Amino acid sequence: MTSEIIPIGSDHAGFTLKAKIIELLKNHGFVPQDEGCYDESSVHYPQIGKRVASLVAENRVKRGILICGTGIGMSITANRFKGVRGTLCHDESTASMAREHNDSNLLVLGARVLSEDLALKIVQTWLDTPFAGGRHQDRLNMIEEN
Ligand code: RB5
């Protein structure tokens with residue numbers, strides 16, 4: 001069991017899926033921190049994306065999760081933050097590669113392009129897969145160089 005805090009945010013398109021992921025996180029001993037949105041009314045994804053990405057960028061949490069309709073807007077938003085490695089994953093294979101090769105610290109999902117079942121499998125894989133390090137770490141260091 002773990003007591004790791006995981007901030008999670010979505011826009012209206014990801015609201016329903018967010019609730020399911022929060023449930024999964026709780027069932028696995030994580031402490032989800034719901035950063036909104038809090039109902040299905042239309043909101044602007046950058047406002048919520050920035051909230052979660054800044055928590056990761058400031059090292060206040062180890063990792064976070066963002067959801068929008070396609071996952072694209074949240075990805076663009078998240079990856080503006082130095083140190084954030086936001087990865088838009090569309091299946092279990094990309095989720096495990098995002099952890100193994102890219103040390104993903106922010107999982108991004110597209111609620112309108114994934115079934116709920118697949119989205120939950122992606123989250124589970126992303127949570128469970130460790131970073132492989134080695135040559136992959138060298139490449140991540142290069143991303144941070146100016
Ligand atoms: C909202 O309609 C939609 O634009 C948003 O959820 C996301 O897909 C943006 O990339």
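Since this is a predicted model, take the numbers as computed values, not measurements. Counting starts at 1 for both ligands and their atoms, in listed order.
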For a distance cut-off of 3.5 Å, show me each N or O of ligand 1 paired with any protein N or O, plus the separation.
{"unit_1": "ligand 1", "atom_1": "2 (O)", "unit_2": "R112", "atom_2": "NH1", "d": "3.3"}
{"unit_1": "ligand 1", "atom_1": "6 (O)", "unit_2": "D11", "atom_2": "OD2", "d": "2.5"}
{"unit_1": "ligand 1", "atom_1": "6 (O)", "unit_2": "G69", "atom_2": "N", "d": "2.7"}
{"unit_1": "ligand 1", "atom_1": "8 (O)", "unit_2": "G69", "atom_2": "N", "d": "3.3"}
{"unit_1": "ligand 1", "atom_1": "8 (O)", "unit_2": "T70", "atom_2": "N", "d": "2.9"}
{"unit_1": "ligand 1", "atom_1": "8 (O)", "unit_2": "T70", "atom_2": "OG1", "d": "3.2"}
{"unit_1": "ligand 1", "atom_1": "10 (O)", "unit_2": "T70", "atom_2": "OG1", "d": "3.4"}
{"unit_1": "ligand 1", "atom_1": "10 (O)", "unit_2": "G73", "atom_2": "N", "d": "2.8"}

### Message
Checking T87 against T94 for the side chain to side chain contact (heavy atoms under 4.5 Å, CB included) test, could you report, in this order, the C-alpha distance in whole Å, the side-chain angles of both residues, the deciding distance, and whether it holds?
### Response
CA-CA 9 Å; T87 55; T94 48; over 6 Å; no
### Message
Measuring only between side-chain heavy atoms, which start at C-beta, is T77 closer than 4.5 Å to I48?
### Response
no
### Message
Among V123, I67, L107, L66, which residue satisfies the side-chain contact (heavy atoms from CB on, under 4.5 Å) criterion with I8?
### Response
I67
### Task
Not counting sequence neighbours, which residues clear side-chain hydrogen bond (donor to acceptor under 3.5 Å, both in side chains) with R112? List them please.
none
### Pair E23-N27, side-chain donor/acceptor within less than 3.5 Å
no
### Task
Walk me through it: do N102 and R85 pass the test side chain to side chain contact (heavy atoms under 4.5 Å, CB included)?
CA-CA 7 Å; N102 312 109; R85 295 177 297 279; 5.5 Å; no
